[in-house]
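Please read these numbers as outputs of a predicted model, since none were measured by experiment.
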Amino acid sequence: MSDTEPRDFIRQIIHEDLESGKHQQIVTRFPPEPNGYLHIGHVMSICLNFGVAAETGGRTYLRFDDTNPGKESEEYVEAIERDVRWLGFDWEDRLTHASDYFEPLYDAAVSLVKMGSAYVDSLSADEIREYRGTLTEPGKNSPYRDRPVEENLDLLERMRAGEFPDGEMLLRAKIDMSSPNMNLRDPALYRIRHISHQHTGDAWSIYPMYDFAHTMSDAFEEITHSLCTLEFEDHRPLYNWFLDQLKPAHRPRQIEFSRLNLAFAITSKRKLNALVEENIVAGWNDPRMPTIAGMRRRGYPAAALREFVKRGGVTKKDKLIEMGVLENCVRENLGDESERRMAVLRPLKVVLTNYPEDEVEMMEAMNHPGRPELGTRQLPFSRELWIEQDDFMEEAPRKFFRLKPEGEVRLRFGYIIRCDDVIKNDAGEVIELRCTYDPDTRSGTGTSDRKVKGTIHWVSCAHAVDANVRLYDRLFTVANPNSADDFHAVLNADSLKTVVAKMEPSLAALAPGQPVQFERLGYFCTDSEEHTEQAPVINRIVTLRDSWAKLEKQAMQQQG
Ligand code: ATP
Ligand code: MG
């Protein structure tokens, strides 16, 4: 173990359990239900479960909680495996399913029946609800609660054999119908469901309930620390009741931590599924989605996601983390790695009237200002150039140091130019600038020591490569869309803008998945689904600066 202080309360507990010899090795599990894609909240759980084990020489299971056939699918199973692996974690040979344990789980249920701790109930679903009581009123015992053990065993066997239709009976734990904790009011253990299971086919017509299956799977896998989110705190007495009754050879310990919530994003699989089903986004891996698949396609590096959850920490307090924190992790990660390139997102034509018609000069451009070892490239410069529309202003304020009528600006790696004429269309929109360049000011080799305040980027018209560039923004307009009555009402209508950008020629060969910085604009990469060399499709990963910072802080403060 490292000699630094454990960085959160769970690592503290684990540290103590190893020091005291309670455990020789830490065993954890990440137990997703394959009913959707993993999201940023799951990243936290994955990093925690795999992290604490890896840090202490322990091991981790990837266990599919597949007790809900019908809602679960192989597509989700495959996506989850791909995402966990991409995040950088390895379960080796420890890929399991709750359904792997259906047989021993059934045996455990039989044991509970035999010891008089479980019974088959024949009340209808409505009656069960009625008998359960409320938070302020105790429940009532079912009239079937005292069925003799033999009868319970017989009925359970016949439930398994498929003799009864869905909903006719239920196996329940016999605990306490007047417990203030609703989870202890004779919770269901098995329900009848005549439905095929993606893993066990038609072998079963009864399926175990989550709490029972989860607790016993933890015991079977000899999980030492069963880490889950805070909403399971009230389930811990039930978790422990199963262990007290069944006394498995290994006793796991449940510890709860608070969920990670990301501002301006939704982290409920049900709602994420609705976004997909209603075609509000283009699938689970739409780059605006807070899913791992979406963030990967967007171009977020796995290391940035790991860093993000590390900064968020592990606590018992609910937290809503600003999107800006995540984006900063992405920027920091990309800043060092990404080579610089030039591209113009909203092109405006500049004609250099004193530059020879057919001449092309090659300008040397650094690939990374902080890393000379990444070398240089040649940028063609010619009479007609594209610059960014908003790098020109006709009526510019005094502090506007880019291009304005009769103003001067430096073209990065090029010359100083001066704007002589502004050409407009019939609608009065600026469509072209007539400029002159100063031949003595060539970047690096020019003889003039003239300086101007602003430097802008550009691309030679004749050499430019067109690309569809997708500019992403927050999917929602409020900091906590999770708590909105209807998330449709708080969708950001401008979360995706597509522009036809002009890119420098070297970008025609941009390698798939390779992030680059477009100078002054942000970090970009090819879209993994739609990009081809013939028809480039480029995603903006993140802008260079956080334009939302102020707004986001305000919104977060208002929401407490
Ligand atoms: P649902 O959205 O359907 O309620 P879930 O988010 O709980 O489901 P699971 O597949 O059951 O999804 O989650 C797998 C594991 O990830 C669980 O241990 C769960 O506690 C954890 N987890 C889920 N969401 C978060 C979150 N926002 N922050 C931290 N951990 C999470
Ligand atoms: Mg869950």
Side-chain angles (χ1 to χ4, degrees), residues 29-50 61-87 89 91 95-99 193 195-200 207-211 213-214 217 227-232 258-298 300 302 305 308-309 326 474-476 480-484 486-488 490-491 495 528-529:
R29 84 288 169 272
F30 172 63
E33 183 178 355
N35 62 347
Y37 279 56
L38 299 178
H39 54 63
I40 186 75
H42 294 113
V43 175
M44 176 193 180
S45 181
I46 294 166
C47 289
L48 179 63
N49 279 294
F50 281 90
Y61 287 83
L62 171 61
R63 183 204 307 148
F64 288 104
D65 158 32
D66 55 353
T67 51
N68 240 329
K71 282 192 174 166
E72 299 161 359
S73 83
E74 209 44 46
E75 178 197 349
Y76 297 139
V77 168
E78 285 167 18
I80 290 168
E81 289 181 38
R82 190 160 58 232
D83 290 348
V84 174
R85 235 188 265 286
W86 176 77
L87 264 183
F89 299 103
W91 53 85
L95 180 85
T96 59
H97 307 79
S99 60
R193 293 200 65 195
I195 183 171
S196 255
H197 184 283
Q198 77 267 18
H199 208 225
T200 58
Y207 290 98
M209 300 301 288
Y210 174 79
D211 283 308
H214 185 247
S217 303
L227 311 177
C228 62
T229 35
L230 271 184
E231 70 269 23
F232 288 101
S258 61
R259 293 178 91 86
L260 179 155
N261 294 305
L262 181 62
F264 292 93
I266 267 175
T267 44
S268 141
K269 277 191 275 188
R270 188 179 55 77
K271 291 179 186 168
L272 292 172
N273 191 36
L275 290 174
V276 175
E277 289 296 312
E278 296 170 29
N279 292 317
I280 294 168
V281 296
W284 284 98
N285 68 348
D286 185 299
R288 292 165 292 176
M289 291 280 269
T291 52
I292 298 179
M295 295 187 288
R296 174 172 61 235
R297 181 170 168 193
R298 172 91 167 249
Y300 287 11
L305 297 185
F308 169 67
V309 299
L326 174 58
R474 313 273 192 269
L475 248 186
F476 295 95
N480 194 353
N482 283 309
S483 63
D486 177 9
F487 69 79
H488 297 86
V490 294
L491 278 166
S495 59
S528 55
E529 302 274 317

J.: Parallel, tilted or perpendicular for Y207 and H197, by the 30°/60° rule?
T.: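 Judged by the thresholds at 30° and 60°, the geometry between Y207 and H197 is parallel.
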J.: Working to the nearest 0.5 angstrom, can you tell me the gap between L475 CG and S495 OG?
T.: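 The OG atom of S495 is 5.0 Å from CG of L475, to the nearest 0.5 Å.
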J.: To the nearest 0.5 Å, tell me how far Q198 CD sits from Y76 OH.
T.: 11.5 Å
J.: Give every residue pair that meets the side chain to side chain donor-acceptor pair (under 3.5 Å) criterion with at least one member in residues 270-284, sequence neighbours excluded.
T.: E278-H488
J.: How far apart are the closest heavy atoms of D66 and A98, and which atoms are they?
T.: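 Closest heavy-atom pair between D66 and A98: OD1-N, 3.3 Å.
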J.: What closest approach, in Å, do T291 and G294 show between heavy atoms, and which atom pair accounts for it?
T.: OG1-N, 3.0 Å
J.: Minimum heavy-atom separation for I280 to R288, with atom names?
T.: O-NH2, 3.8 Å
J.: Report yes or no: do E231 and T229 form a side-chain donor-acceptor pair below 3.5 Å?
T.: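 Present: a donor and an acceptor within the cut-off.
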J.: So, for P69 and S196, which heavy atoms are closest and what is the spacing to 0.1 Å?
T.: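 So the minimum-distance heavy-atom pair works out to CB-O, 3.6 Å.
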J.: Of all the heavy-atom pairs spanning S528 and R297, show the shortest one and how long it is.
T.: OG-CG, 3.5 Å
J.: Between Y37 and L272, is any pair of side-chain heavy atoms under 4.5 Å apart?
T.: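 Counting from C-beta outward, Y37 and L272 never come under 4.5 Å.
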J.: Would you say the side chain of V84 lies within less than 4.5 Å of the side chain of F50, judging by non-hydrogen atoms?
T.: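 They are in contact (side-chain heavy atoms under 4.5 Å apart), so the answer is yes.
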J.: As an exercise, state the distance from CG of D65 to OH of Y210, rounded to the nearest 0.5 Å.
T.: 5.5 Å
J.: What closest approach, in Å, do L38 and H42 show between heavy atoms, and which atom pair accounts for it?
T.: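 Reported closest heavy-atom pair: CA-ND1, 3.5 Å.
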